[in-house]
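When reading the values below, keep in mind they use all heavy atoms of this one structure, side chains included, and skip hydrogens, waters and symmetry mates.
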Amino acid sequence: MDELTQLRELRADAPVPDRAALAPGRALLTDAIAGRSRRTRRLRADWRIASLGAAAAITAAALIATQVVDTSAPRHGHLAARAHDPDLSSPAAALNEAADDLTRRKTPVEPRSDQWVYLREIGGTVTDRVRAGSSIRTDPSVPQAMDRSDPHKPHETWLKYGGEAEAKKRTPDLVYRPYSPRRLHRIATGLPQDPQKLLAELRRAFPADAGHRLAGETTDEHNYRAVFTLLDQSYAIPPHALARVYTALATVKDVKVTDHLVRDASGREVIAVTRESSWMNSRQEIFIDPRTYAYAGFKEVVTKEHQAWYDGTRYPGDVIGDLARTGTSVVDADGQKP
């Protein structure tokens, strides 16, 4: 016999209560249940309110944290805002990375001989740094280069693409250009794959006595200058040819790359491939656009005090040249802007 059976038999003779007797107890029980439900609903409502408050607090904290991070984040257009930064751990790493990217690009259509190359540049070269008290005076026979200007006053140059007859003349920007843009295009596309053979070809194309340069530079100095001259005087070297040039530049002795992006004369962030020249007592810097890997300009800084025949005394830190190429295009007429 189980416990429930014993319980039923304990008072089997007791009378069954009627509804009237049970009504007061039922009312108390119903009121009690109703009150607990109201408290439960209040608790649930309070929990929802607390949850919403916590969520709002978390969201606000996240927004504040985001604003704090954005304050130090680079602005639009800066390299750090992109998904991939260039490898600046060494010249070979930076230049070979650029070469790999360029080899995957299509070669654009070459301009017609009767078209013109438009160059837009900011900055210039310094030719008036004569110091007070210096015994060396500026040579008036040396033409004054463009003044250092702001981005609102660019220096513009037009070069006839097929202007072979005009190639030997100094252009209005005071740069000695031994070749027309079309001839430079031919030189670049004809460069060999082997880095040392490529550098030898550039040394022949841009000899030691070209322009205002004097004989006496070393082979490595000549290699660096020849690469720079090709980059600076070309309108746009085809991607595959430019890749070979960068690969060769990485092999030049004492070439370095700055381990962070630097600012050019226009304020852009650029890759700086540098080399110090004991012959010139200066450091030359070739600027490369970190997005397109196109040539972006140059800078030359004095590293040792010396006398310049047309410029007086130069001191370490003096900037001899600082030029940013901010635009290149092909137009149909001299003076026409893109």
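In this structure, D322 and V301 have side chains that are not in contact, with every pair of non-hydrogen atoms separated by 4.5 Å or more. Side-chain contact between M280 and H306: absent, with no pair of heavy atoms (C-beta onward) separated by less than 4.5 Å. With a 4.5 Å cut-off on side-chain heavy atoms, V227 and L202 count as touching. For the pair L191/L230, a side-chain contact is recorded, criterion being any heavy-atom separation below 4.5 Å from C-beta on. Within the 4.5 Å cutoff, side-chain heavy atoms of P111 are placed close to those of Y235. Inter-residue side-chain proximity for L88 and T258 is flagged as unmet; no heavy-atom pair is nearer than 4.5 Å. Using a 4.5 Å heavy-atom threshold, the side chains of Q233 and P178 count as touching. Contact of the P86 side chain with the L261 side chain is registered, since non-hydrogen atoms from C-beta on lie closer than 4.5 Å.
Put simply, CD on E285 and CD1 on I271 are 13.0 Å apart, with the number rounded to the nearest 0.5 Å. To the nearest 0.5 Å, atom CZ of residue F287 and atom OG1 of residue T274 are 10.0 Å apart. The CZ atom of F228 lies 14.5 Å from the CZ atom of R275; values are rounded to the nearest 0.5 Å. The line from CD of E121 to OG1 of T326 is 7.5 Å long, rounded to the nearest 0.5 Å. Between R244 atom CZ and D194 atom CG the span is 11.5 Å, to the nearest 0.5 Å. Atom CG in L242 sits 5.0 Å away from atom CG in L102 (nearest 0.5 Å).
With hydrogens and angles disregarded, no donor-acceptor distance shorter than 3.5 Å links the side chain of S234 to the backbone of L231. Under the 3.5 Å distance criterion, the side-chain polar atoms of H240 are matched with a main-chain donor or acceptor of T103. Checking side-chain atoms of Y179 against main-chain N and O of I187 turns up no donor-acceptor pair under 3.5 Å. When atom types are taken as modelled, the side chain of H222 and the backbone of L199 share no donor-acceptor pair closer than 3.5 angstrom. Checking side-chain atoms of R268 against main-chain N and O of A296 turns up a donor-acceptor pair under 3.5 Å. Judged purely by atom type and a 3.5 angstrom limit, S282 has no side-chain atom pairing as donor or acceptor with the backbone of V302. Between the side chain of Q336 and the main chain of D332, a donor-acceptor pair closer than 3.5 Å is present. Q115 places no side-chain N or O within donor-acceptor distance of the main-chain N or O of V330, the cut-off being under 3.5 Å. No donor-acceptor pair closer than 3.5 Å links the side chain of T313 to the backbone N or O of Q307.
Across every non-hydrogen atom of D264 and A324, the tightest pair is OD2-CB, 3.5 Å. Residue T219 comes nearest to R203 through the heavy atom pair CG2-NH1, 3.8 Å, listed as atom of the first residue, atom of the second, then distance. Here the shortest heavy-atom pairing between A241 and A188 reads CB-O, 3.4 Å. A98 and Y293 make their closest contact through CB-CD2, 3.3 Å (heavy atoms, listed as atom of the first residue, atom of the second, distance). Taking all atoms of both residues into account, the shortest heavy-atom contact from I122 to S266 is CD1-CB, 4.0 Å. Between T292 and R105, the shortest heavy-atom contact is O-NH1, 3.0 Å.
Between D100 and R104 there is no salt bridge, since none of the side-chain N atoms of the basic residue sits less than 4.0 Å from a carboxylate O of the acidic one. Residues D232 and R325 are paired through a salt bridge, judged by an N-O separation under 4.0 Å between the basic side chain and the carboxylate. The residues E276 and K304 are annotated as not salt-bridged, no charged nitrogen and carboxylate oxygen being separated by less than 4.0 angstrom.
Ring centers of Y246 and Y295: at least 6.0 Å apart, outside the cut-off.
Ring pair W158/Y118 is tilted by interplanar angle, where 30° to 60° counts as tilted.
Two different hydrophobic clusters hold V270 and Y224 under the rule that ILVMFWY side chains link at heavy-atom gaps under 4.5 Å. Cluster annotation: L184 is connected to I286 through the hydrophobic network of ILVMFWY side chains, with a link wherever side-chain heavy atoms come within less than 4.5 Å.
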Side chain to side chain contact (heavy atoms under 4.5 Å, CB included) between R182 and S113, intermediate numbers included:
CA-CA 7 Å; R182 182 175 62 181; S113 296; 2.5 Å; yes

